[in-house]
There are 2 protein chains.
Amino acid sequence: MGKRTIESVIVDGWDFGPGQLLSPGDVANIFRVDPKTVTRWANDGKLSSIRTPGGVRRFSRQQVTYLMSGR
Amino acid sequence: MGKRTIESVIVDGWDFGPGQLLSPGDVANIFRVDPKTVTRWANDGKLSSIRTPGGVRRFSRQQVTYLMSGR
DNA sequence: GCCGATTCGGGTAATTCGGGTG
DNA sequence: GCTGTCCGAATTACCCGAATCG
């Protein structure tokens with residue numbers, strides 16, 4: 001071992017590792033929806049998410065890209 | 001590189017990247033047509049579209065601009 | 001600690017969906 | 001063939017004050 005960095009973080013099969021996290025605003029811009037709508041997707045289980053210790057959601061770039069290109 | 005969300009999303013050769021998406025109402029206003037008509041264009045394959053996780057269509061500004069300037 | 005921007009929550013309007021019909 | 005409209009259901013947008021982010 002040694003440096004003790006994060007190798008991978010996978011939730012629901014999606015990559016939440018370093019450089020893969022999108023904010024609600026990011027996802028909203030990508031789909032052209034209100035950030036509130038992104039929150040609803042998360043609550044409805046349509047979008048996987050993790051939470052910061054403060055309670056703010058973060059999303060997987062990998063999953064968002066997948067959803068953009070047609071389910 | 002700046003904000004780094006998603007580089008590009010191309011469907012049927014048209015740009016569906018961030019800042020390039022139009023709602024059904026947007027397209028309807030541009031062509032002065034009922035939004036339902038825009039939906040029919042999409043169903044008939046005359047207009048490419050992607051869907052939000054909720055099932056609402058989004059269109060490519062690039063394609064609409066192309067069609068506006070006469071085929 | 002301060003500050004601007006964002007994202008919580010909730011609630012309520014406005015759009016869009018799909019099918020059917022003129 | 002193409003478009004507008006009616007309907008109910010589902011999805012999304014805008015409003016607020018409080019909290020978090022960077």
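Per chain, numbering begins at 1; letters A, B, ... match sequence-line order.
Positionally, the nearest nucleotide of DNA chain D for B:Asp44 lies more toward the 5' end than for the other of B:Asp44 and A:Arg32. A residue-by-residue look at A:Val33 and A:Pro53 shows that A:Val33 has its nearest nucleotide of DNA chain D further toward the 5' end. With the nearest nucleotide of DNA chain C identified for both A:Ser23 and B:Pro35, A:Ser23 has the one nearer the 5' end.
When ring centroids are compared, B:Trp41 and B:Phe31 come within the 6.0 Å threshold.
The pair B:Asp26-B:Arg58 does not count as a salt bridge, with every side-chain nitrogen at least 4.0 angstrom from each carboxylate oxygen.
Here C:dT16 presents its P atom at 11 Å from CG of B:Leu22, a figure rounded to the nearest Å. Between A:Asn29 atom CG and C:dA5 atom P there is a gap of 15 Å when expressed in whole angstrom units. Atoms CD1 (A:Ile50) and C1' (C:dC8) sit 16 Å apart, rounded to a whole Å. If you measure from atom CH2 of B:Trp41 to atom P of D:dG4, you get 8 Å, rounded to the nearest angstrom. Between the CG atom of A:Leu47 and the P atom of C:dT7 there is a distance of 14 Å, given to the nearest Å. If you take CZ of B:Arg40 and P of D:dG4, they are 8 Å apart, rounded to a whole angstrom. Rounded to whole angstrom, the span from the CG atom of B:Asn43 across to the P atom of C:dG19 amounts to 9 Å. In this structure, the CZ atom of A:Phe31 is 14 Å from the C1' atom of D:dT12, given to the nearest Å.
One finds no side-chain N or O of B:Lys36 lying less than 4.0 angstrom from the OP1 or OP2 phosphate oxygen of C:dG18. Note on A:Arg57: a side-chain N or O is less than 4.0 Å away from OP1 or OP2 of C:dC8. Side-chain nitrogen and oxygen atoms of A:Arg58 include none within less than 4.0 Å of the OP1 or OP2 phosphate oxygen of C:dC8.
Considering only side-chain atoms of B:Val56, the nucleotide from D:dT11, C:dG18, C:dC8 that sits closest is D:dT11. Checking C:dC17, D:dC21, D:dT12 against the side-chain heavy atoms of B:Thr52 singles out D:dT12 as nearest. Looking at the side chain of A:Thr37, the nearest of the listed nucleotides D:dA13, C:dC8, C:dT16 is D:dA13. When the nucleotides D:dG4, C:dC8, C:dC17 are ranked by their closest atom to the side chain of B:Asp34, D:dG4 comes out on top. Nearest to the side chain of A:Arg51, among D:dT5, C:dG9, D:dT12, sits C:dG9.
If you check C:dG4 for Watson-Crick or wobble pairing at under 3.5 angstrom, you find it paired to D:dC21. Nucleotide D:dA13 has C:dT12 as its partner under the Watson-Crick or G-U criteria, with both atom distances under 3.5 Å. The partner of C:dG18, taking Watson-Crick or G-U wobble pairs whose two distances both stay under 3.5 Å, is D:dC7.
Contact annotation: the side chain of A:Leu67 never approaches that of B:Thr52 to less than 4.5 Å [non-hydrogen atoms, C-beta and beyond]. Side chains of B:Phe59 and B:Pro24 form a contact here, defined as non-hydrogen atoms less than 4.5 Å apart. Between B:Ile50 and B:Arg57, every side-chain heavy-atom pair lies at or beyond the 4.5 Å cut-off.
Atom OG of B:Ser60 sits about 5.0 Å away from atom CZ of B:Phe16, to the nearest 0.5 Å.
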